[in-house]
Amino acid sequence: MREVIRFAWGNSSLGEFMVAMSDKGLVALELGSGRDLVEEALRIRFPGAEVVSRQLELIDILDKITRVIEEPRFNPELPLDMRGTAYEIEVWSMLRVLPVGETISYGAFAAKLGTRDARDVTKAIASNPIAVLVPCHRVIKKDGSISGYRWGVKRKRELLAREQRAKPLPTSEGDG
DNA sequence: GAATTGTCACCAG
DNA sequence: CTGGTGACAATTC
């Protein structure tokens, strides 16, 4: 029996986004870069699967995702159906334990995983199909600057800015 | 900020 | 194993 991938589009302050689900859970969360392109990419990613639009069925999911984007500390508790190599899944799992508002360098993150190279971690992170819920945006360069993001550097900066605002630290920031 | 170089584990064949 | 590849890191201008 053919696998069915359901998807739907939502809107947030970061722009449009698309969620896609298999029977097991979330398989993709894409931040708007053209509906046709994203939907096409979905079919390429799941050859042989039936990719169908289910806007109304996923309305609850869309609502949760929207809230996560607006409020980084909100936990949607959605099941993730992560597909990739064993190494990629390990990296994505590690990403999800990073605390809100924290950032880590690729090198430091690599060290947490083992003795692997920073360059290697980037490949796995860059292959992450699930934006925001797998907080790949919390990994930045050692320099502190942001060099790349699959869904646009501007969105990455925006997400980080929100998380830092949402950070529970009592410190009063003097930045302006 | 943009360009350059060193480096190495992973992935595909 | 061989070959190709990077959302790096550190340096330079």
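All chains are named by letter (A, B, ...) in the order of the sequence lines, taking the proteins before the strands, and each is independently numbered beginning at 1. Since the model is a prediction, treat every value here as computed from it, not as a measurement.
- Rounded to whole Å, atom P of C:dA10 lies 14 Å from atom OH of A:Tyr106.
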Going by atom type alone, with no hydrogens or angles, which donor-acceptor pairs under 3.5 Å involve a side-chain atom of residues 61-69 of chain A and a protein atom two or more places apart or on another chain?
residue : atom : partner : partner atom : Å
A:Thr66 : OG1  : A:Leu62 : O            : 2.7
A:Arg67 : NE   : A:Glu71 : OE2          : 3.3

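- When all heavy atoms are compared, the tightest approach of A:Leu133 to A:Pro76 is CD2-CG, 3.6 Å.
- Protein atom OH of A:Tyr149 is 10 Å distant from nucleotide atom C1' of C:dA7, rounded to whole Å.
- Applying the ring pair (Phe, Tyr, Trp, His ring centres under 6.0 Å) test to every pair with at least one member in residues 80-128 of chain A, sequence neighbours left out, gives no pairs at all.
- Counting only Watson-Crick and G-U wobble pairs whose two key distances fall under 3.5 Å, DNA chain C forms stems of three or more stacked pairs at B:1-6 with C:8-13, B:8-13 with C:1-6.
- Under the rule for a salt bridge (charged side-chain N to carboxylate O under 4.0 Å, His left out), the partners of A:Arg6 that lie at least two apart in sequence or sit in another chain are A:Glu57.
- When rounded to the nearest whole Å, the span between NZ of A:Lys141 and C1' of B:dA2 equals 11 Å.
- Screening residues 140-164 of chain A for ring pair (Phe, Tyr, Trp, His ring centres under 6.0 Å) gives A:Tyr149-A:Trp151 as the qualifying pairs, with residues at least two apart or on separate chains.
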Letter per nucleotide, 5' to 3', of nucleotides 8-13 of chain B [B base touched, S only sugar-phosphate touched, - untouched; heavy atoms, 4.0 Å]: -SSS--

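- Residues satisfying the salt bridge (charged side-chain N to carboxylate O under 4.0 Å, His left out) test with A:Arg157, not counting sequence neighbours, are none.
- Of all the residues in residues 150-163 of chain A, not one reaches under 4.0 Å from DNA chain B with any non-hydrogen atom.
- Every residue meeting the salt bridge (charged side-chain N to carboxylate O under 4.0 Å, His left out) condition with A:Arg162, not counting sequence neighbours, appears here in chain and number order: A:Glu70, A:Glu158.
- Screening residues 135-149 of chain A for salt bridge (charged side-chain N to carboxylate O under 4.0 Å, His left out), with sequence neighbours left out, gives A:Arg138-A:Glu163.
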Would you list the atom pairs, donor with acceptor, under 3.5 Å between side chains in residues 37-53 of chain A and any protein atom, with sequence neighbours excluded?
residue : atom : partner : partner atom : Å
A:Glu39 : OE2  : A:Trp9  : NE1          : 3.0
A:Arg43 : NH2  : A:Val51 : O            : 3.3

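- For A:Glu3, the side chain to side chain donor-acceptor pair (under 3.5 Å) partners two or more places apart in sequence, or in a different chain, are A:Arg83.
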